[in-house]
Trainee: 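What follows is a single structure, and I will ask about it in a moment.
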Amino acid sequence: MNINKVAVVGAGVMGASIAAHFSNAGVPVYLLDIVPKPELSTNRNHIAETALEKLLNAQPSPFMHKNNARLIRTGNIEDHLHCLEDVDWVIEAVIEHPAIKKSLYAKLDAVCHEDCVISSNTSTLPLRLLTHELPESFQQRFMITHFFNPPRYMRLLELVTGAKTRPELTAIIKEFADTQLGKDCVSCKDTAGFIANRIGIYWLQCGLHEAIDLGLSVEQADAALLPFGIPKTGIFGLLDLVGLDLIPSILTSMKQVLPPEDAFHHVSELPPLVARMISEGYTGRKGKGGFYRLSPERVKESINLKTGEYNRSEKVKEGLSASAHPMTPQDILSATDTNSLYAWRVLSKTLSYAASLIPEIADDLVSIDVAMREGYNWERGVFELIDELGVGWFTDKLRAEQQAIPPLLHNQNLYKVADGKLCFADLSGYYHPIPRAEGVLLLSDIKRQTSPVLSNASASLWDVGDGVACLEFHSKMNTLDMDIMALIQQAIDKVSAEFVTLVIHNEGKNFSAGANLTLLMHSIHHNDWDAVAQLINQGQHTYQALKYAPFPVIGAPAGLALGGGCEILLHCDAIQAHAELYMGLVEVGVGLIPAWGGCKEYLRRWQAQPKVPKGFIPAMVKTFETIGLAKVSGSALEAKELLFLSPLDGITMNKQRLLADAKTRALSLVKGYQAPCPATYLLAGKTAQAALAMGIQALHATGKATDYDVVVAEKLAFVLSGGDTDITMPLNEADLLALELDAFVTLTKQAGTLARLEYILKTGKPLRN
């Protein structure tokens, strides 16, 4: 059975967002809710229709493309339940009340075909309670599929099945969630809070109580945990994001079902301050504010955990000691200052609690680590963090404080590499290889099994099998520098001699944040314009060599692909992109223009676009608008609309499958491969520049472009129009590259560009000067 059509019943924030993500997978979906009371609306579909409207206006967007909303059909339970006769999966996302859910299940059981999966998105109710006294035929097709909010961006899907759930249906949902929804599907035991929330709520409560007990500010507490891979929101920022009003019901539910000896009861009480905040409407970001808020003057404030009063929020350095030297996690947790003590208390309790829950909530530690990474955005899972600290060091410190040592922590290591495979420990001390699903190929696994073919400080070339080489960036934020350019040149020779194709891919959070601006700034500060020109010449030469290499080159990006990172992809033969791709030529934000061939390649794409009106101006205008406004795609689908990706480029929903999909695509291009023919450009020169100048001045007059925006835009217009050419003088790629180089070097000599570069390197934000 395939999942061809889906229904979500319950159009609250979570249900509606789940429906949106199914539309991202290209699956038609019904979104149903109850009929509103007549005094609220006479439109019987009002609740679902309003939910869809909110989805379209929400930020960050739950849709990968606004057109996906067309796949959602709204309705109500009374009039449209019969529409679910042909759906293959119904997800219930109604209020957390067993009687209401079970009443709905009976209706669904009567309507849906016998192989239709029915699941609940509950985060608190056990499966056994939801299926009690329901027919066996219903229990065979029922499971819990717990999505995390927001469903588009959070990769975790917790799956709970019962003893009677049909295994073949479980397998279908797992595969669909993996390949079509891009989820890490984790099997959980039927226990309170499942995996992520069982540990996550305990962690949040620990952090809340310990901060109050130690007299820390919310900023201090949030900063104290950052060195351990906790998201930048910290504990208090995350509580604000989740919503403080949800916490009491979650705590009550957990307390009711957990046994008296469970450590959760030690942190389960809601502090009086939080109860007061909720009663006064300070429920977090969706309310008047929470632990953090914006004053009427738009100044960020935070609450004093002792007095309950708000004061200006004071930024705390991301570190726990006054020491000027870098501190290891062990150093931080061994220090005696209050912040270090806080970090140790929270982490020691949370990590020990998680370790004590195997096999109660999961059969293995891998599931718990995946759940915390993908459900709570921890950089490292519980047991990865314990391994980093050192199991022996961690247990010795627990023992010194007379804390219990969970049985799992009697292992020397929780993970180890054996025969080139990453293995995990069980309670008996045996190690088992971490299983990979068919179609998953991870560069990290390959790196454990072999050595790089080529390598330097910023990049490496790996053999990923079947004659395919993989070029990996591993500089800070994968920024592009001369080491990377040098290795690309070496890789072209190596692949030509020993491989058949090349994939450009890495497993960093972002593909590339662009060129290393620090290198550029060094040359500018020394007025070394020859070095600036050399930097651009080297990049242009390297990317051109990659474009015309005698083998196919496939880009496999995920996350940010900006500036030079976007430009290298534009020179590839094809791209296999992760669905979450944020791609763009953003150089104008730092007072520059794309000069590693980005203008040349992006203009070529628009000129070849059949839907663009004929003539010399339209393609240039489209190119100018995108680069001049520094547009960045909000997804791979939007990257296609912007022509950063071609219509033939592929999109992979699950990041873990990206390399395998890119490898397959690369191999498909090998037979009969020929490098592309060089492009010829017919551009309108001064005529086009005059047309663009009118638009630039109009934006400036209305305040949409700053004084220096005009300077940069005019240089961009000069390049894209072909400079001093006219339509009777065909230009080649070398001509466009020369224009890029000249404009770039000229701009680096301007005070406005220097100000923008200095500001973004200092703050991470663009300067509007």
Side-chain angles (χ1 to χ4, degrees), residues 198-216 220-231 234-235 261-267 316-323 325-358 360-362 364-366 368-369 371-373 376 378-416 424-429 431:
R198 176 73 173 272
I199 298 168
I201 298 300
Y202 178 88
W203 164 62
L204 292 172
Q205 284 290 108
C206 265
L208 176 56
H209 283 282
E210 293 293 351
I212 293 173
D213 289 346
L214 290 170
L216 268 65
Q220 287 176 310
D222 284 344
L225 296 177
L226 289 179
F228 304 95
I230 301 304
I235 282 179
E261 65 274 13
D262 194 282
F264 183 84
H265 294 290
H266 299 311
V267 298
V316 176
K317 185 179 178 182
E318 295 182 14
L320 306 182
S321 166
S323 171
H325 303 289
M327 299 180 70
T328 68
Q330 284 189 10
D331 291 336
I332 295 170
L333 296 179
S334 299
T336 56
D337 60 279
T338 306
N339 289 357
S340 296
L341 179 60
Y342 172 78
W344 167 250
R345 284 189 183 180
V346 174
L347 288 176
S348 63
K349 291 178 180 179
T350 302
L351 303 184
S352 296
Y353 184 62
S356 73
L357 295 177
I358 294 177
E360 179 190 344
I361 65 172
D364 57 74
L365 60 83
V366 177
I368 290 177
D369 276 355
M372 294 310 294
R373 286 199 312 268
Y376 276 81
W378 285 21
E379 289 182 11
R380 295 176 288 279
V382 167
F383 303 103
E384 291 169 327
L385 184 51
I386 294 175
D387 260 358
E388 182 179 347
L389 293 171
V391 178
W393 179 89
F394 183 69
T395 53
D396 284 347
K397 192 166 174 59
L398 290 178
R399 197 173 289 111
E401 296 181 353
Q402 297 184 333
Q403 296 189 47
I405 310 297
L408 182 65
L409 299 187
H410 292 301
N411 290 290
Q412 189 68 28
N413 296 100
L414 300 171
Y415 290 98
K416 73 175 185 178
F424 66 94
D426 64 17
L427 287 168
S428 302
Y431 289 86

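Note that the structure is a prediction, hence the values are computed from the model and not measured.
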Trainee: Give the minimum heavy-atom separation between Ala343 and Phe228, together with the two atoms involved.
Mentor: CB-CE1, 4.0 Å

Trainee: Please name the pair of heavy atoms, one in Ala404 and one in Leu398, separated by the smallest distance, quoted to 0.1 Å.
Mentor: O-CD1, 4.2 Å

Trainee: For Gln220, is there any backbone N or O sitting under 3.5 Å from a side-chain donor or acceptor partner on Tyr342?
Mentor: no

Trainee: Can a side-chain donor-acceptor contact be found between Tyr415 and Asp369 if the only test is distance below 3.5 angstrom?
Mentor: yes

Trainee: Under 4.5 Å between any side-chain heavy atoms of Glu210 and Lys349, yes or no?
Mentor: yes

Trainee: Do Arg345 and Cys206 have side chains that approach each other closer than 4.5 Å (heavy atoms only, starting at C-beta)?
Mentor: no

Trainee: Taking C-beta and beyond as the side chain, do Ser340 and Leu333 meet within less than 4.5 Å on heavy atoms?
Mentor: no

Trainee: Are Leu409 and Leu414 packed together at the side-chain level, in the sense that at least one heavy-atom pair is separated by less than 4.5 angstrom?
Mentor: yes

Trainee: Quick one: ring-ring contact (aromatic ring centres under 6.0 Å, His included) partners of Tyr353, sequence neighbours excluded?
Mentor: Tyr202

Trainee: Could you list the residues that satisfy salt bridge (Lys or Arg N to Asp or Glu O under 4.0 Å) with Glu384, not counting sequence neighbours?
Mentor: Arg373

Trainee: To check you understand the geometry: which heavy-atom pair defines the closest contact between Ala362 and Ile368, and what is its length?
Mentor: CB-CG1, 4.2 Å

Trainee: Under a 3.5 Å cutoff, is there a donor and acceptor pairing between the side chains of Asp331 and Ser334?
Mentor: no

Trainee: Ile199 and Ala354: which non-hydrogen atoms are nearest, and at how many Å?
Mentor: CD1-CB, 3.7 Å

Trainee: Side chains of Thr338 and Leu216, heavy atoms from C-beta outward: is any pair under 4.5 Å?
Mentor: yes

Trainee: Less than 4.5 Å apart, side chain to side chain, heavy atoms only: is that true for Leu225 and Trp203?
Mentor: yes

Trainee: Excluding sequence neighbours, so at least two apart, what forms salt bridge (Lys or Arg N to Asp or Glu O under 4.0 Å) with Glu360?
Mentor: Arg198

Trainee: Among Leu365, Leu357, Ile386, exactly one meets side-chain contact (heavy atoms from CB on, under 4.5 Å) together with Leu408. Which residue is that?
Mentor: Leu365

Trainee: Can a donor-acceptor pair be found, under 3.5 Å and without considering hydrogens, that links the side chain of Gln330 to the backbone of Leu389?
Mentor: yes

Trainee: Mind jotting down which residue pairs meet the salt bridge (Lys or Arg N to Asp or Glu O under 4.0 Å) criterion with at least one end in residues 388-410? Sequence neighbours excluded, please.
Mentor: Arg380-Glu388, Asp396-Arg399

Trainee: For Glu261, look at atom CD and say whether over 12 heavy atoms of other residues, nucleotides or ligands are found less than 6.0 Å away.
Mentor: yes

Trainee: Using a 4.5 Å cut-off on heavy atoms from C-beta on, say whether the side chain of Leu347 contacts that of Leu385.
Mentor: yes

Trainee: Any idea which heavy atoms bring Ile405 and Thr395 closest together, and the distance?
Mentor: CD1-O, 3.6 Å

Trainee: Going from OG1 on Thr328 to CD1 on Ile332, what distance comes out if it is rounded to the nearest 0.5 angstrom?
Mentor: 7.0 Å

Trainee: Mind checking what makes side-chain hydrogen bond (donor to acceptor under 3.5 Å, both in side chains) contact with Asp364, not counting sequence neighbours?
Mentor: Ser367

Trainee: Is the distance between the ring centroids of Trp344 and Phe394 under 6.0 Å?
Mentor: yes

Trainee: Partners of Tyr431 by ring-ring contact (aromatic ring centres under 6.0 Å, His included), sequence neighbours excluded?
Mentor: none

Trainee: Of all the heavy-atom pairs spanning Val391 and Asn413, show the shortest one and how long it is.
Mentor: CG2-CA, 4.2 Å

